[in-house]
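What follows is a single structure, written as structure tokens, with notes after it.
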Amino acid sequence: MTAKIIDGKAIAKEVRAEWKVRADALKARGITPGLAVIIVGEDAASKVYVGNKVKACAELGLYSEHIALPADTSQDTLLAKIAELNANHAIHGILVQLPLPKHIDSDKVLKAIAPHKDVDGFHPMNVGALVTGNPLLRPCTPYGAMKLLEKIGVAIEGKHAVIVGRSNIVGKPMALMLLQMNATVTICTSKTRNLAHHTRDADILVVATGKPRMITGDMIKPGAAVIDVGINRLPNGKLVGDVDFDSAKEVAGYLTPVPGGVGPMTITMLVANTVEAAERSAQ
Ligand code: NDP
């Protein structure tokens with residue numbers, strides 16, 4: 001079998017067009033969805049991510065504020081900035097780019113964002129809403145992965161979904177979203193015994209470990225839908241996923257490439273969350 005390669009860029013474009021319609025409807029009512037992105041310090045990769053987020057907002061005609069603070073910004077100054085944005089009616093979404101410098105408590109900062117403006121979906125209130133099956137703002141990467149499955153028409157109900165990785169930003173919320181769609185869910189971690197035994201039984205396999213090419217074709221069930229969340233830069237500069245693309249494509253039914261798979265969906269769902277937050281505030 002040769003897998004159908006999922007074109008994340010094309011699907012992201014389609015999804016953005018759908019959300020642009022919703023953003024335009026709000027604008028017609030005098031409400032322009034607004035996103036504030038805060039970056040602390042000079043991390044080169046973070047700067048690129050923030051630039052892409054601001055660009056995606058512009059593409060949909062959203063208002064965005066890019067707030068760049070120096071690396072030695074105190075935690076209190078950052079918290080004061082968040083409080084100011086929480087109270088700003090032109091801002092519907094607030095995102096603090098991670099990682100933050102070591103002297104700042106990320107957990108405290110993320111909890112300071114008003115839950116209804118938490119477009120990253122990391123606030124305990126949004127996490128709780130997802131756990132109880134009433135999601136409000138969902139973490140962008142797993143939300144984007146779910147959208148990919150929906151757009152390629154993979155049925156989820158009754159399927160065995162295996163997620164490799166249990167981070168709060170990808171693995172756990174992905175498991176909850178699949179559970180909500182009535183999949184039977186298995187979560188694997190670095191402590192899982194005989195990983196291949198589990199992955200080989202997956203109708204839907206989501207991999208988010210940060211370990212380059214760790215899932216090989218022989219670990220995949222023939223015909224499975226494989227979503228590779230990983231983004232790893234090899235010493236030679238090449239960008240690869242957590243799935244070994246060449247061997248996986250011979251076995252899987254669907255496969256996301258890296259780059260060009262889940263990546264473009266993450267920013268798309270951030271913009272979607274911003275529009276959704278603005279819609280809610282307008283109600
Ligand atoms: P974390 O490091 O937070 O979590 C990795 C998870 O993988 C952990 O739960 C760990 O298990 C598990 N793991 C590690 N090694 C193994 C192994 N050998 N077998 C089974 N499980 C293992 O990573 P993230 O979730 O933040 O990110 C994962 C990947 O996704 C990274 O490559 C990251 O760059 C990428 N990413 C991509 C995004 C996108 O937009 N496409 C967005 C976010 C992340 P344990 O808990 O036991 O340690």
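One-based numbering, in listed order, for ligands and for the atoms of each.
With atom 6 (C) of ligand 1 as the reference point, the heavy atom nearest to it among Pro139, Ala208, Pro142 is part of Ala208. The option from Thr256, Thr209, Thr266 that lies nearest to atom 40 (O) of ligand 1, judged by heavy atoms, is Thr266. Heavy-atom proximity to atom 45 (P) of ligand 1, evaluated over Ala145, Ser190, Ser167, is greatest for Ser190. When Thr189, Asp242, Leu195 are checked for heavy-atom proximity to atom 21 (N) of ligand 1, Thr189 turns out nearest. Counting only non-hydrogen atoms, the option in Val170, Ile163, Ile187 that gets closest to atom 43 (C) of ligand 1 is Val170.
Each of the atoms 32 (O) of ligand 1 lies under 4.0 Å from some heavy atom of Asn232. Using a 4.0 Å cut-off to heavy atoms of Gly165, the atoms of ligand 1 that qualify are 6 (C), 7 (O), 9 (O), 12 (C). Which parts of ligand 1 touch Gly230 is read off a 4.0 Å heavy-atom cut-off, strictly below it: atoms 29 (C), 30 (O), 32 (O), 35 (C). Using a 4.0 Å cut-off to heavy atoms of Val164, the atoms of ligand 1 that qualify are 20 (C), 21 (N). The distance from ligand 1 to the heavy atoms of Ile169 drops below 4.0 Å at these ligand atoms: 26 (O).
Side-chain contact between Val50 and His66 is present, with at least one heavy-atom pair separated by less than 4.5 Å. Put simply, the side chain of Leu130 reaches to within 4.5 Å of the side chain of Pro139, judged on heavy atoms. Within the 4.5 Å cutoff, side-chain heavy atoms of Ser106 are placed close to those of Leu98. Using a 4.5 Å heavy-atom cutoff, the side chains of Leu137 and Arg280 are in contact.
Counting heavy atoms closer than 4.0 Å to ligand 1, residue Arg166 contributes atoms from both its backbone and its side chain.
Within the 4.0 Å heavy-atom shell around ligand 1 one finds Thr141.
Between the side chains of Ser74 and Asp76, no donor-acceptor pair is found at a separation under 3.5 Å.
A salt bridge does not link Lys147 to Glu18: none of the charged side-chain nitrogens sits closer than 4.0 Å to a carboxylate oxygen.
Enclosure of atom NE2 in His89 is not indicated, since only 12 or fewer non-hydrogen atoms of other residues, nucleotides or ligands lie within 6.0 angstrom. Within a 6.0 Å radius of NZ in Lys151, other residues, nucleotides and ligands contribute more than 12 heavy atoms.
In this structure, Arg16 fails the cation-pi test against Trp19, since its NZ or CZ atom is not both closer than 6.0 Å to the six-membered ring centre and inside 45 degrees of the ring normal.
Of all protein heavy atoms, the one closest to atom 35 (C) of ligand 1 is Val229 O, 3.5 Å. With respect to atom 18 (N) of ligand 1, the closest heavy atom belonging to the protein is Met214 CE, 3.7 Å. Ranking protein heavy atoms by distance to atom 29 (C) of ligand 1, first place goes to Gly210 N, 3.6 Å.
For the pair Ile231 and ligand 1, the shortest N or O to N or O distance falls below 3.5 Å.
In this structure, OG1 on Thr266 lies 7.0 Å from CD1 on Ile231, to the nearest 0.5 angstrom.
In the hydrophobic cluster analysis, where Ile, Leu, Val, Met, Phe, Trp and Tyr join through side-chain heavy atoms closer than 4.5 angstrom, Val131 is grouped together with Leu110.
Closer than 4.0 Å to atom 27 (O) of ligand 1 lies none of the heavy atoms of the protein.
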